[in-house]
Undergrad: 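Right, I'll just put the structure down here and ask away after.
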2 protein chains.
Amino acid sequence: MNTIPKTGRKQIRVVIAEDQGMVLGALAALLEIEGDITVVARARNGKEALRAVLAHKPDVFITDIEMPEMTGLDVAVELKRQHKDTRVIILTTFARAGYLRRALDAGASGYLLKDMRAEELAEAVRRVQQGLRVIDPELATEAWGEPDPLTDRERQVLRLAGDGVTSLDIANDLGLSEGTIRNYLSEAISKLGAANRTEAARIARAKGWL
Amino acid sequence: MNTIPKTGRKQIRVVIAEDQGMVLGALAALLEIEGDITVVARARNGKEALRAVLAHKPDVFITDIEMPEMTGLDVAVELKRQHKDTRVIILTTFARAGYLRRALDAGASGYLLKDMRAEELAEAVRRVQQGLRVIDPELATEAWGEPDPLTDRERQVLRLAGDGVTSLDIANDLGLSEGTIRNYLSEAISKLGAANRTEAARIARAKGWL
DNA sequence: CCCTGATCGTGACAAATGTCACACAGGCGG
DNA sequence: CCGCCTGTGTGACATTTGTCACGATCAGGG
């Protein structure tokens, strides 16, 4: 690092959020070697990220989805709610239609997968800063496939069941009757075409619905 | 980057393997900015990594565990079998005692977690090249805790059950009787102190036993 | 050669799970 | 205001799952 910024054009100011320190530092290094991009702050969880973006008002905010404290998607929603004009790029491992849809609903300008070529990140930052959208091509087509068929309750119940929590325990947790839980699970299982709660949870997770 | 290599000392030659292109490129960028380290090859799966290490004979080989084609651990085992003297650093997301143990058995010199600080990677490379071991401190203590209590069959059955496959289907898959499957699962559940197959699978996965 | 542990099997029983049919409230769109 | 959907509940029933007790075989170690 420490290349003197090629000061010809205005620098693109970026904040990055990512919970794995190694990846965070590496991504920052990757962007810093581009002369026209400056990483003005880094965050290792959602709340920190939100504070950083509000404080620095960067041009572009790059964020992972699954982080402690607050999800990258939640941060995007909050920025939208506050009408901030920082553009958001979601950078995640998961090629899940459900995530992409939620990202777009939250007003994100980009949705990139971590297994794309590293060179594309800086390019995406530039495109997004110019007001363009950058969506992973494979996902873009598939995305408007099936919408999440689950209701909130079903999702909530299925999440617990998928971790091995017992129907009775779920009922107590949520203050419902055990029969009701079994009904929800039965519903979810049939909606997802699964054979049992475990498979149902696996399917839902794979689609990004959980 | 582009600091002119401090050519006083010999460069440390490194090969990196990681299936997520973005992370791979970023890690390479991170190491390249260190004057004394050169990334001589990158690989995006296990087989490619093995070939790259054999071809370049680097001082240090940094690898992820979960990759297509061949696991980072498998690559390490193969290098050990061939008595190669490239030092191996495992760099993974998972703080699992089972993984660490297997890594050490495979002769790895380092086991780092992706959520450590980015600066520690280059430092680890230098230490390892000098013949030292670098193990994540938290793990180091815990590692020699509990060994995997499961037998091969139990592991195999539990893996399927954890994906929602039915006892009967597992039985057919493995050519065993359904009762036997239930026995194995019951055994596994009790060994792991779980309440049911789903929780048992979750626990086993978390420990790196699956 | 005996002991142990892993593997595979049976049978029986209890508990959890999955399915169905049905019921009643509240909310929302037409 | 009338349906319709979601959320919630009940009861009954079939199936799956989890547990136990018992055996039989086989390989390896002492």
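Just so we're clear, the structure is a prediction, and the values are computed from it rather than from any experiment. The sequence lines fix the lettering, A, B, ..., with proteins before strands; numbering per chain opens at 1.
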Undergrad: Just the rounded figure in Å: distance from P of dG5(C) to NZ of K191(B).
TA: 11 Å
Undergrad: Is the shortest side-chain N/O distance from R153(A) to OP1 or OP2 of dT6(D) below 4.0 Å?
TA: no
Undergrad: I need the I135(B) CD1 to L104(B) CG distance, nearest 0.5 Å.
TA: 5.0 Å
Undergrad: Let me know the distance between CG of L158(B) and C1' of dG18(D), rounded to the nearest Å.
TA: 14 Å
Undergrad: Please round to the nearest 0.5 Å and tell me the distance separating atom OG1 of T93(B) and atom CZ of R96(B).
TA: 9.0 Å
Undergrad: Tell me the side chain to side chain donor-acceptor pair (under 3.5 Å) pairs involving residues 58-74 of chain B, sequence neighbours left out?
TA: E66(B)-Y99(B)
Undergrad: Does any residue of residues 196-203 of chain A have a heavy atom under 4.0 Å from DNA chain C, and if so, which ones, in number order?
TA: N196(A), R197(A)
Undergrad: Send over the distance from D152(B) CG to dG5(C) P, rounded to a whole Å.
TA: 17 Å
Undergrad: Output a table of nitrogen or oxygen pairs between the protein and nucleotides 24-27 of chain D separated by less than 3.5 Å.
TA:
none

Undergrad: For the pair T92(A) (side chain) and F94(A) (backbone), establish whether a donor and an acceptor sit closer than 3.5 Å, ignoring hydrogens and angles.
TA: yes
Undergrad: Using the salt bridge (charged side-chain N to carboxylate O under 4.0 Å, His left out) criterion, which residues pair with K84(A)? Sequence neighbours excluded.
TA: none
Undergrad: Restricting to side chain to side chain donor-acceptor pair (under 3.5 Å), what partner residues turn up for N183(A), sequence neighbours left out?
TA: none
Undergrad: In whole angstrom, give the distance that lies between atom CD of E154(B) and atom C1' of dG5(C).
TA: 11 Å
Undergrad: Taking CD1 from I181(A) and P from dT10(D), how many angstroms apart are they, rounded to a whole number?
TA: 12 Å
Undergrad: What distance separates D136(B) CG from K114(B) NZ, expressed to the nearest 0.5 Å?
TA: 14.5 Å
Undergrad: Rounding to an integer number of Å, can you tell me how far E178(A) CD sits from dG11(D) C1'?
TA: 13 Å
Undergrad: Does this structure show an ion pair linking R126(A) with E34(A), if we count only N-O contacts that are shorter than 4.0 Å?
TA: yes
Undergrad: With no hydrogens and no angle check, is any side-chain donor or acceptor of R13(A) less than 3.5 Å from a backbone partner on K57(A)?
TA: yes
Undergrad: dG7(D) phosphate, OP1 or OP2: any side-chain N/O from T151(A) under 4.0 angstrom?
TA: yes
Undergrad: Going by the side chain to side chain donor-acceptor pair (under 3.5 Å) test, which pairs reach into residues 187-200 of chain A, not counting sequence neighbours?
TA: E154(A)-K191(A), S167(A)-R197(A), T198(A)-T198(B)
Undergrad: To the nearest 10 degrees, how far apart in direction are the end axes of the helix from dC1(C)-dG30(D) to dG30(C)-dC1(D), each fit to five base pairs?
TA: 40°
Undergrad: If you measure from the Lys or Arg side-chain nitrogens to the Asp or Glu carboxylate oxygens, is any gap between R51(B) and E48(B) under 4.0 Å?
TA: no
Undergrad: Not counting sequence neighbours, which residues clear salt bridge (charged side-chain N to carboxylate O under 4.0 Å, His left out) with R155(B)? List them please.
TA: D148(B), D152(B)
Undergrad: So, does Y184(A) get its side chain near the phosphate of dT8(D), meaning an N or O under 4.0 Å from OP1 or OP2?
TA: yes
Undergrad: Assign T180(A) to base, sugar-phosphate, or nothing according to its heavy-atom contacts below 4.0 angstrom with the strands shown.
TA: base
Undergrad: Got a sec, which residues hit salt bridge (charged side-chain N to carboxylate O under 4.0 Å, His left out) with R133(B), two or more places apart in sequence or on another chain?
TA: none
Undergrad: Tell me, yes or no, whether the heavy-atom count around R159(B) atom CZ, taken from other residues, nucleotides or ligands under 6.0 Å, exceeds 12.
TA: yes
Undergrad: Which residue pairs satisfy the salt bridge (Lys or Arg N to Asp or Glu O under 4.0 Å) criterion with at least one member in residues 161-176 of chain A, sequence neighbours excluded?
TA: D163(A)-R205(A)
Undergrad: Any carboxylate oxygen within less than 4.0 angstrom of a Lys/Arg side-chain nitrogen, looking at E178(B) and R182(B)?
TA: yes
Undergrad: Give the residues of residues 160-169 of chain B touching DNA chain D, defined as any heavy atom closer than 4.0 Å, sorted by residue number.
TA: T166(B), S167(B)
Undergrad: Give the B/S/- string for nucleotides 19-26 of chain C, one per nucleotide from 5' to 3', where a protein heavy atom under 4.0 Å of the base yields B, of only the sugar-phosphate yields S, and otherwise -.
TA: BB------
